[in-house]
Amino acid sequence: MKKWIIALAGLGILWAIHPFRGIDAGSLCVVETLLIETEEGEISVASGELTGTGDTVQAALEDMGEHTPGTLFLRQVRRVILCGGKYDTNVLMELPDEIPLGAMIYTSIESAESLRRQDTLDRVLEAREQRNHTMPNLAEVRNHRLMALKSGKAVG
């Protein structure tokens, strides 16, 4: 009996020192489509009304998170769109592990600013579907780049 009391007291002390802090689901800002644009060495990320900029993808996402009214939630990203006609595919290798490897990769000559409007985004995605243009997912792109790097080939 004494051992149980000591064990419960120990758990109580641990709870007081390091309590569980969950995230309220209502405070999550879920991102389903992530727009990425690279211009003059600066990376911009956007999703709907959320935006961020930085010199790396991580810095841009952190900036986006700082301007988010809640917690930025990237685990639901279904599409990553490289915008603006200047496609730096290196940014795909910098995406955080939170973004699912099944996220589809798209390119668009439209700017991220214009694709933030839902009607423009819908039009671009619909055009891809009508042409039956299959897009690779993040895992395929990363694997291709890693294989090319291993073999010493330049990847563009």
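Hydrogens, waters and symmetry mates play no part in the numbers below; they use all other heavy atoms, side chains included.
Closest approach of Leu35 and Ala112 over heavy atoms only: CD1-O, 3.6 Å. When all heavy atoms are compared, the tightest approach of Val57 to Val91 is CG2-CB, 3.6 Å. The shortest heavy-atom contact between Asp119 and Arg117 is OD2-NH2, 2.9 Å. Taking both residues in full, the closest heavy atoms of Pro96 and Gln58 are given as CB-OE1, 3.9 Å, listed atom of the first, atom of the second, then distance. Cys83 and Ser111 get closest at one heavy-atom pair: CB-C, 4.0 Å. For Glu110 against Ser114, the heavy-atom pair with the smallest separation is OE1-OG, 3.0 Å.
For the atom pair OG1 (Thr68) and CE (Met64), the distance works out to 6.0 Å, reported to the nearest 0.5 Å. From Arg75, atom CZ reaches atom CG of Leu72 across 11.5 Å, with rounding to the nearest 0.5 Å. Residue Glu37 holds its CD atom at 12.0 Å from OG1 of Thr53, rounded to the nearest 0.5 Å. The OG1 atom of Thr89 lies 10.5 Å from the CD atom of Glu94; values are rounded to the nearest 0.5 Å.
Residues passing the side-chain hydrogen bond (donor to acceptor under 3.5 Å, both in side chains) test with Glu126 are Gln130, sequence neighbours excluded. Judged as a side-chain hydrogen bond (donor to acceptor under 3.5 Å, both in side chains), and not counting sequence neighbours, the contacts of Asp63 are His67.
Summarising the local packing, CG of Leu101 is surrounded by more than 12 heavy atoms from other residues, nucleotides or ligands at distances under 6.0 Å.
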Margin query: Please determine whether side chain to side chain contact (heavy atoms under 4.5 Å, CB included) holds for the pair Tyr106 and Val80, giving the CA-CA distance in whole Å, both sets of side-chain angles, and the decisive distance to 0.1 Å.
Written below: CA-CA 6 Å; Tyr106 294 85; Val80 176; over 6 Å; no

Next item on the list: Begin with the C-alpha distance, continue with both residues' side-chain angles, and end with the deciding distance and a verdict on side chain to side chain contact (heavy atoms under 4.5 Å, CB included) for Met93 and Leu146.
Entry: CA-CA 9 Å; Met93 300 301 282; Leu146 290 172; 3.8 Å; yes

Next item on the list: Test side chain to side chain contact (heavy atoms under 4.5 Å, CB included) on Thr38 and Asn90 and set out the steps.
Entry: CA-CA 10 Å; Thr38 305; Asn90 291 323; over 6 Å; no

Next item on the list: List the steps, then state whether side chain to side chain contact (heavy atoms under 4.5 Å, CB included) holds for Thr107 with Ile81.
Entry: CA-CA 5 Å; Thr107 58; Ile81 303 176; over 6 Å; no

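Side-chain atoms of Leu50 and Cys29, non-hydrogen and from C-beta on, do get closer than 4.5 Å to each other. Proximity of Leu125 to Arg79: side-chain heavy atoms (C-beta onward) are separated by under 4.5 Å at one or more points. Between Val77 and Glu32 there is no side-chain heavy-atom pair separated by less than 4.5 Å. In this structure, the side chains of Val45 and Thr51 stay at 4.5 Å or more apart for every pair of heavy atoms. Between Leu34 and Ile36 there is a side-chain heavy-atom pair separated by less than 4.5 Å. Side-chain contact between Leu138 and Pro100 is absent, with no heavy atoms from C-beta onward closer than 4.5 Å.
A donor-acceptor distance shorter than 3.5 angstrom exists from the side chain of Arg142 to the backbone of Leu92, with no hydrogens or angles considered. Side-chain atoms of Glu140 come within 3.5 Å of backbone atoms of Asn137 as a donor-acceptor pair (strictly under, hydrogens ignored). Of the possible donor and acceptor atoms, one in the side chain of Arg116 sits under 3.5 Å from a partner among the backbone N and O of Gly48. A donor-acceptor pair under 3.5 Å links the side-chain atoms of Ser47 to the main chain of Thr33, judged by distance alone. In this structure a side-chain-to-backbone donor-acceptor pair under 3.5 Å is missing from Glu98 to Leu74.
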